[in-house]
Amino acid sequence: MDNLSMLTDLYELSMANGYQQTIPDEEGVFDVFFRKVPDKGSFVVVAGLQQVVEGLRNFHFDQSDINYLRSLGLFKEDFLDYLKNFHFDCQVSAIPEGTPVFPREPLLTIRGPLLQTQLFETMVLNLMNHQSLIATKARRITYAAGKRPVMEFGARRAQGPSSATYGARAAVIGGCSSTSNVLAAKKFGIPAAGTMAHAWIEAFPDELTAFEKWADVYPDTAALLVDTYDVLKSGVPNAIKVFKKLKASGHKPVGIRIDSGDITQLARGARKLLDDAGFPEVKITASNALDEHVVMSLLNEGAPLDNFGIGENLITSASSPVLSGVYKLAAVSDGGKLVPKIKVSASREKVTLPGLKQVYRLYHHGTKRAFADVIALKDETLNDQLDVVKANPLATKRDQFLTDFDAVPLQEAVLDGEKLKADLPDVFEIQKHSKALLSELPSTTQRLVNPDEFPVYVTHALDQMQEKLLEAQGK
Ligand SMILES: Nc1ncnc2c1ncn2[C@@H]1O[C@H](COP(=O)(O)OP(=O)(O)OP(=O)(O)O)[C@@H](O)[C@H]1O
Ligand SMILES: O=P(O)(O)OC[C@H]1O[C@H](OP(=O)(O)OP(=O)(O)O)[C@H](O)[C@@H]1O
Ligand SMILES: O=C(O)c1cccnc1
């Protein structure tokens, strides 16, 4: 990945320069979390950690960066020297990619020299907000598609090259099976997949010739686009002619793609024509501005579809295009001792959780059925008789008592300085991990429309720490 150190908001550098002149030796702890799930869903599929780790390990400023920063006339030479000789010296712990996570949970925590930790905010949020957003959207779409593979087709509509490429990675984490984006396929070991465009059909004198020429070039992988002229009167009958020839010469016909019109009606008609011609194995792919709702609607209508190709609505998360993850200070050292901190806000909902923390997923004892998450102080041990408080300050009946559970910590150590402390699995391993954890959530939490909220609690100790800090602020 490119060096992203300069992809920062100016105020991070201004603060870091200021810390160096005022409290140069203090330590800081920052948490990444979000408050609102896109698309009124109940969870986010967290993603982007691998790029965060690469970004942090590769964090440096070259001479041209230093020259530019000097030209702003804001920074002391000592600070520019510090940046020039930058040496990453923080500890990072994080919830692994692919994990379904909930509002207010610390997804990633960075502890280290305050002026360093401050510098990472923009880059970390940029990477995690984007990939988590697209992984979450992809999970919604692939959930709607059930077992039918979804190909990611969005590169042409993504908001720029990096969104196309890292978006394809996130799409696979969220359940897509392949991508048309060759750069992403190469970079992340994703199967590269695709069919043909209307241009190919239009480039030949007629549709049948176009299909025949394609089949000559790709006899074993031909998936023919059948909607350039008329799906049922021309596209599918011509495809069948070509499939018959392919079969006669020992090849296996693969599929057709429908990219316009009423997909259910057209897929039904196409399926009948293919079956009647002796091609029940030929697969039907649908595309054309699909999203989770259209996919669900097509399948509810009984459309005989085998695959989906999905671009713009997936790669831009068009229906809900922002994940507002934040990076908030949880503690600062004072003379060597960490002091928990909160951000006090006019809105009670926005008050942050102080201190070093861990998130636990709670399972009914001896089962794989998750029923709640608990955010605790890092040095707490959770016993099996647990008084907790709902993490959402606006919730009613906040106090709860939990028992008879197994608690699994979610955050794990990832970096100690530049030293990697955790495995960074490949995208399909992450996808597998994600599916396994999703299957542990209640089905009512998993559904797309009006899902049940999954309870997230904080321990009494954490709640009390927050209350004390609020009182100290006169709140
Ligand atoms: N049976 C269906 N149920 C629900 N939505 C459908 C169905 N068939 C198609 N759609 C979706 O309806 C939307 C509009 O379809 P429409 O056929 O009007 O597309 P279009 O883009 O206007 O067609 P064209 O590509 O020919 O210009 C697309 O998102 C498409 O995926
Ligand atoms: O609709 P999406 O989910 O983004 O899927 C990708 C679309 O990209 C291609 O169309 P193209 O960009 O050539 O234009 P079109 O919309 O006119 O078919 C393809 O035929 C799909 O329709
Ligand atoms: O291969 C395809 O069919 C494809 C790729 C990108 C966009 N639309 C379609």
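Atoms within each ligand, like the ligands themselves, are counted from 1 in listed order.
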Nearest heavy-atom neighbours spanning Ile95 and Leu49: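 Smallest interatomic distance, heavy atoms only, reads O-CD2, 4.3 Å.
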State whether the number of non-hydrogen atoms from other residues, nucleotides or ligands found under 6.0 Å of [X] atom [atom1] is greater than 12.
X: Asn300; atom1: CG; answer: yes
X: Asp276; atom1: CG; answer: yes
X: Lys40; atom1: NZ; answer: no
X: Glu453; atom1: CD; answer: no

With no hydrogens and no angle check, do the side chains of [X] and [Y] hold a donor and an acceptor under 3.5 Å apart?
X: Thr179; Y: Asn181; result: no
X: Asn288; Y: Ser260; result: no
X: Asp227; Y: His198; result: yes
X: Arg157; Y: Thr316; result: no
X: Thr228; Y: Glu207; result: no
X: Asp452; Y: Thr445; result: no

Stepwise ring pair (Phe, Tyr, Trp, His ring centres under 6.0 Å) check, Phe88 with Phe120: CA-CA 11 Å; Phe88 178 75; Phe120 307 135; 5.6 Å; yes
Taking only heavy atoms of [X] into account, list the atoms of ligand 1 that are under 4.0 Å away from them.
X: Ser297; result: 3 (N), 4 (C)
X: Asp262; result: 1 (N), 8 (N)
X: Leu290; result: 31 (O)

Criterion ring pair (Phe, Tyr, Trp, His ring centres under 6.0 Å) on Tyr166 and Phe188, from CA distance to verdict: CA-CA 9 Å; Tyr166 293 100; Phe188 302 117; 5.7 Å; yes
Note: Lys241-Glu212 ion pair, threshold 4.0 Å (strictly below):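 No.
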4.0 Å heavy-atom contact, Asp259 with ligand 1: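 For ligand 1, residue contact (heavy atoms, under 4.0 Å) with Asp259 is present.
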Salt bridge (Lys or Arg N to Asp or Glu O under 4.0 Å) partner of Glu292, the single match among Arg447, Lys137, Arg139: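 By the salt bridge (Lys or Arg N to Asp or Glu O under 4.0 Å) criterion, Glu292 pairs with just one of Arg447, Lys137, Arg139: Lys137.
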Proximity to ligand 2 by part of Asn288, non-hydrogen separation under 4.0 Å: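 Within the 4.0 Å criterion, Asn288 contacts ligand 2 through backbone atoms alone.
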Validation row, ring centre Phe308 to ring centre Phe153 under 6.0 Å: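 No.
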Check whether any protein heavy atom sits under 4.0 Å from [atom].
atom: atom 12 (O) of ligand 1; result: no
atom: atom 5 (O) of ligand 2; result: yes
atom: atom 22 (O) of ligand 1; result: no
atom: atom 15 (P) of ligand 2; result: no

Subset of ligand 2 atoms that lie under 4.0 Å from at least one heavy atom of Ala289: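 By the 4.0 Å cutoff, the relevant atoms are 1 (O), 2 (P), 3 (O).
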Ligand 2 atoms in contact with Glu312 (distance to a heavy atom under 4.0 Å):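 Counting from 1, the qualifying ligand atoms are 2 (P), 3 (O), 4 (O).
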Pick whichever of [options] has a heavy atom sitting closest to [atom].
atom: atom 28 (C) of ligand 1; options: Asn288, Asn313, Ile263, Val295; value: Asn288
atom: atom 5 (N) of ligand 1; options: Val294, Asp291, Thr264; value: Val294
atom: atom 1 (N) of ligand 1; options: Glu312, Glu301, His198; value: Glu301
atom: atom 19 (C) of ligand 2; options: Met151, His198, Arg257; value: Arg257
atom: atom 2 (P) of ligand 2; options: Gly194, Gly311, Ala286, Ser287; value: Gly311

Check: Gly309 N/O within less than 3.5 Å of ligand 2 N/O: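 N/O-N/O distance under 3.5 Å: no.
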Asn313, any N or O under 3.5 Å of ligand 2 N or O: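 No; every N/O pair is 3.5 Å or more apart.
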Please report which non-hydrogen protein atom sits nearest to [atom], along with the residue it belongs to and the distance in Å to one decimal place.
atom: atom 13 (O) of ligand 2; value: Arg156 NH1, 3.1 Å
atom: atom 21 (C) of ligand 2; value: Asp259 OD1, 3.4 Å
atom: atom 7 (C) of ligand 2; value: Arg157 NH1, 4.1 Å
atom: atom 17 (O) of ligand 1; value: Gly261 N, 3.2 Å
atom: atom 26 (O) of ligand 1; value: Ser260 CB, 3.1 Å
atom: atom 2 (C) of ligand 1; value: Leu298 CD2, 3.4 Å

Ligand 1 versus Gln265: contacting region, heavy-atom distance under 4.0 Å: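 It is neither; nothing of Gln265 touches ligand 1.
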Mode of Ala289 contact toward ligand 1 - side chain, backbone, both, neither (heavy atoms, under 4.0 Å):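 Both backbone and side chain.
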Residues in contact with ligand 3, criterion: heavy atom under 4.0 Å: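 Ligand 3 is contacted, at a heavy-atom distance under 4.0 Å, by Phe153, Arg156, Ser180, Gly194, Thr195, Arg257.
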Geometric class of the Phe61/Phe86 ring pair [parallel <30°, tilted 30-60°, perpendicular >60°]: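 If you compare the ring of Phe86 with that of Phe61, the planes turn out perpendicular.
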Quiz item: cation-pi between Lys247 and Phe279, 6.0 Å / 45°: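 Pair Lys247/Phe279 counts as cation-pi.
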Rounded distance (nearest 0.5 Å) linking atom CG of Leu424 with atom CD1 of Ile430: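 Nearest 0.5 Å value for the CG-CD1 distance: 8.0 Å.
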Any Ala197 heavy atom less than 4.0 Å to ligand 2: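 Ala197: no contact with ligand 2 (<4.0 Å).
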